[in-house]
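Okay, structure first, notes after.
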Amino acid sequence: MTLMIPFDNTYAALPGAFHSKLPPVPVKAPDLLAFNEDLAAVLGISAGDAAEMAQVFGGNIVPEGAEPLAQLYAGHQFGTYNPQLGDGRAILLGEVVGSDGIRRDIQLKGSGRTPYSRGGDGRAWLGPVLREYVVSEAMHSLRIPTTRALAAVATGETVWREGGLPGAVLTRVAASHLRVGTFQVFAARGDTDSLRQLTEYAIARHYPDAEGPMGLLRAVRDAQVTLVSAWMSVGFIHGVMNTDNSSISGETIDYGPCAFMDVYHPNTVFSSIDRGGRYAYANQPNIAVWNLAQLATALIQQLEDPQAGVEEATEIVHAMPKLLEEAWLARFRAKLGITSARAGDLELVTGLLERMAQNQSDFTNTFRALGTGDARDQFTDPAAFDSWAEGWQARLEGEPDPQALMRRTNPAFIPRNHRIEEMIASAVAGDFAPFHRLTTVLARPYEEQPEHADLQRPPAPEEVVQATFCGT
Ligand code: AMP
Ligand code: MG
């Protein structure tokens, strides 16, 4: 073996209640489609030859030092509690401590059935694997906390969804896979010992300065505030903010029916099963609070004095909406080129967003164009922009360098949904050039790349993707 992964595992040492130990299910003909050299370097992984990496990241060979397991968790899905989820199609190989000192999980997703698969086949098809690869890496390049993609492997097997599709496995790298749902499963079962152990583990791994369960709750709240306000600032819609997809570390996790908005509208929804708009763009901060309340409910179960705990937890959760609004406003101020805080800023931001919604403005291109002076072209009625821009120009007086700030905060490139779908269609037909082009361009989202200007273009009416499906 030339491929070396310096495993240093901690989750596997937790008691049996936390996981099921089993290897990934081998695949027929593993073929390495992508390998993330930059990420591998951070993780201290020395790449082997392609055939060997395909065997390891396809799940056919368990590398030395790995202790493969599926994690147990539960979660609220679209508001309804499901007492037993768990990794139904993922296997944690183990953890490595990177050159930056951060411990990260290395997990295969699409690696076959586990005790938590319920009715599922344990597999993934190529489309969602490549979507997650491109979008999670783009998120990282946008400087937003996220899980990352280390490798993608084609399995040579057919996966049955609406029809037969090519199978694939994604190697996902995460600060951990601890979710709100990991706490919920033990709390709901009344397994206080495991809940205490999990709390200690989460504090040691993510928030060593946090004191006790309520300290952890506060730290998770702050990380989620940072995360969700960052999503809002780039027009990202997660699509399935279930509590099992809500990470304790504050990373974006689980790229299912996610997408970046083209035309701005606060009610935009992408998931085909989100009929009520629970996870619509503008509802994401509310859902983050709801999810934190579920974490609070779970954490309280382990306290000596639950009543005192309820009061403290309530105070922590109730402070979240205000923190979200402040973080959101700070992000949008920066997108307007503003560093200072003044009364009237909230109205300035919402005034622009309202006009954008009324004028079919493209979210990304409008903000980017603020810095280049072309923003009025993004409005069906340019006068609507002009009347807003007067106040904005006045507000910019005395700001040190609004242009530079706007270039750093308003990306030129986002993974547009119609480009993702086009990339997937090409890959299914055997052409991976669009995949490699997207990953390359999106690695530098804040830079002008005139030769790739077509990737900045919003979809033509016939190109608009209405929904991304959960049949992942
Ligand atoms: P997700 O919607 O990806 O967050 O998944 C929700 C739950 O369904 C998790 O427990 C997954 O492991 C499980 N799951 C999703 N797809 C499959 C599949 N094809 N086979 C088995 N389990 C799955
Ligand atoms: Mg999930």
Side-chain angles (χ1 to χ4, degrees), residues 18-20 22 24-25 27 59 68-92 105 107-133 135-136 139 146-149 155 157-185 188 227 237-249 251-259 269-274 278-279 287 291 294-295 467-472:
F18 285 78
H19 45 59
S20 295
L22 78 164
V25 181
V27 300
L69 60 85
Q71 293 180 326
L72 171 73
Y73 54 88
H76 278 90
Q77 300 178 303
F78 292 90
T80 304
Y81 187 65
N82 189 327
Q84 161 103 49
L85 293 164
D87 292 329
R89 53 162 171 178
I91 291 289
L92 176 69
D105 282 1
Q107 189 203 59
L108 304 184
K109 183 173 172 187
S111 51
R113 290 180 53 80
T114 77
Y116 312 117
S117 297
R118 297 172 292 156
D121 60 4
R123 294 299 184 189
W125 73 276
L126 183 62
V129 166
L130 295 183
R131 176 189 284 115
E132 177 157 348
Y133 197 114
V135 182
S136 67
M139 196 68 98
T146 179
T147 64
R148 299 193 61 188
T155 61
E157 294 175 359
T158 300
V159 171
W160 296 95
R161 295 292 180 262
E162 268 106 72
L165 295 160
V169 177
L170 179 81
T171 304
R172 175 161 72 182
V173 173
S176 85
H177 285 83
L178 298 181
R179 309 142 189 271
V180 170
T182 320
F183 289 83
Q184 287 181 289
V185 73
L227 178 66
I237 301 168
H238 182 284
V240 257
M241 287 177 71
N242 293 336
T243 57
D244 53 301
N245 293 334
S246 175
S247 167
I248 295 302
S249 75
E251 288 182 338
T252 312
I253 188 166
D254 223 319
Y255 290 82
C258 65
V269 171
F270 281 102
S271 167
S272 57
I273 61 171
D274 188 6
R278 179 180 173 90
Y279 300 141
I287 293 294
N291 286 350
Q294 306 316 311
L295 179 62
T468 47
F469 295 91
C470 271
T472 54

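Counting starts at 1 for both ligands and their atoms, following the listed order. All values below come from the heavy atoms of this structure, side chains included, with hydrogens, waters and symmetry mates left out.
- Here the CG-OH distance, from Leu170 to Tyr133, works out to 8.5 Å after rounding to the nearest 0.5 Å.
- Taking distances strictly below 2.8 Å, the protein N/O/S atoms close to the Mg ion (ligand 2) are Asn245 OD1, Asp254 OD2.
- When each of Thr182, Thr147, Asp105 is paired with His177, the side-chain hydrogen bond (donor to acceptor under 3.5 Å, both in side chains) condition holds for Asp105 and for no other.
- Counting heavy atoms closer than 4.0 Å to ligand 1, residue Gln71 contributes nothing at all.
- If you look at Tyr73 next to ligand 1, the close heavy atoms, those under 4.0 Å, all belong to the side chain.
- Between the CG atom of Asp254 and the CG atom of Asn245 there is a distance of 4.0 Å, given to the nearest 0.5 Å.
- Taking CG from Leu69 and CG from Asp87, the interatomic distance works out to 8.0 Å, rounded to the nearest 0.5 Å.
- At a heavy-atom cutoff of 4.0 Å, ligand 1 is contacted by both the backbone and the side chain of Asp121.
- Taking CZ from Phe18 and CG from Leu72, the interatomic distance works out to 9.0 Å, rounded to the nearest 0.5 Å.
- Within the set Ile273, Asp254, Asp87, the minimum heavy-atom distance to atom 3 (O) of ligand 1 is found for Asp254.
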For side chain to side chain contact (heavy atoms under 4.5 Å, CB included), just list the numbers for Thr146 and Val135, CA-CA rounded to whole Å, side-chain angles, deciding distance to a tenth of an Å, and then say yes or no. CA-CA 10 Å; Thr146 179; Val135 182; over 6 Å; no
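- For Arg161, the closest heavy-atom approach to ligand 1 falls below 4.0 Å.
- Although no hydrogens or angles enter the test, the distance criterion places a donor-acceptor pair under 3.5 Å between the side chain of His238 and the main chain of Ile253.
- Counting heavy atoms from C-beta on, the side chains of Pro257 and Ser272 never come closer than 4.5 Å.
- At least one N/O-N/O distance between Gly88 and ligand 1 falls below 3.5 Å.
- Among Gly122, Pro257, Ser117, the residue whose heavy atom lies nearest to atom 20 (N) of ligand 1 is Gly122.
- Comparing Arg123, Arg89, Gln77 by heavy-atom distance to atom 16 (N) of ligand 1, the nearest is Arg89.
- Proximity of Arg118 to ligand 1, defined as any heavy-atom pair under 4.0 Å, is confined to the side chain (atoms from C-beta onward).
- Residue Val240 does not touch ligand 1, judged by heavy-atom distances below 4.0 Å.
- When ring centroids are compared, Tyr279 and Phe270 stay outside the 6.0 Å threshold.
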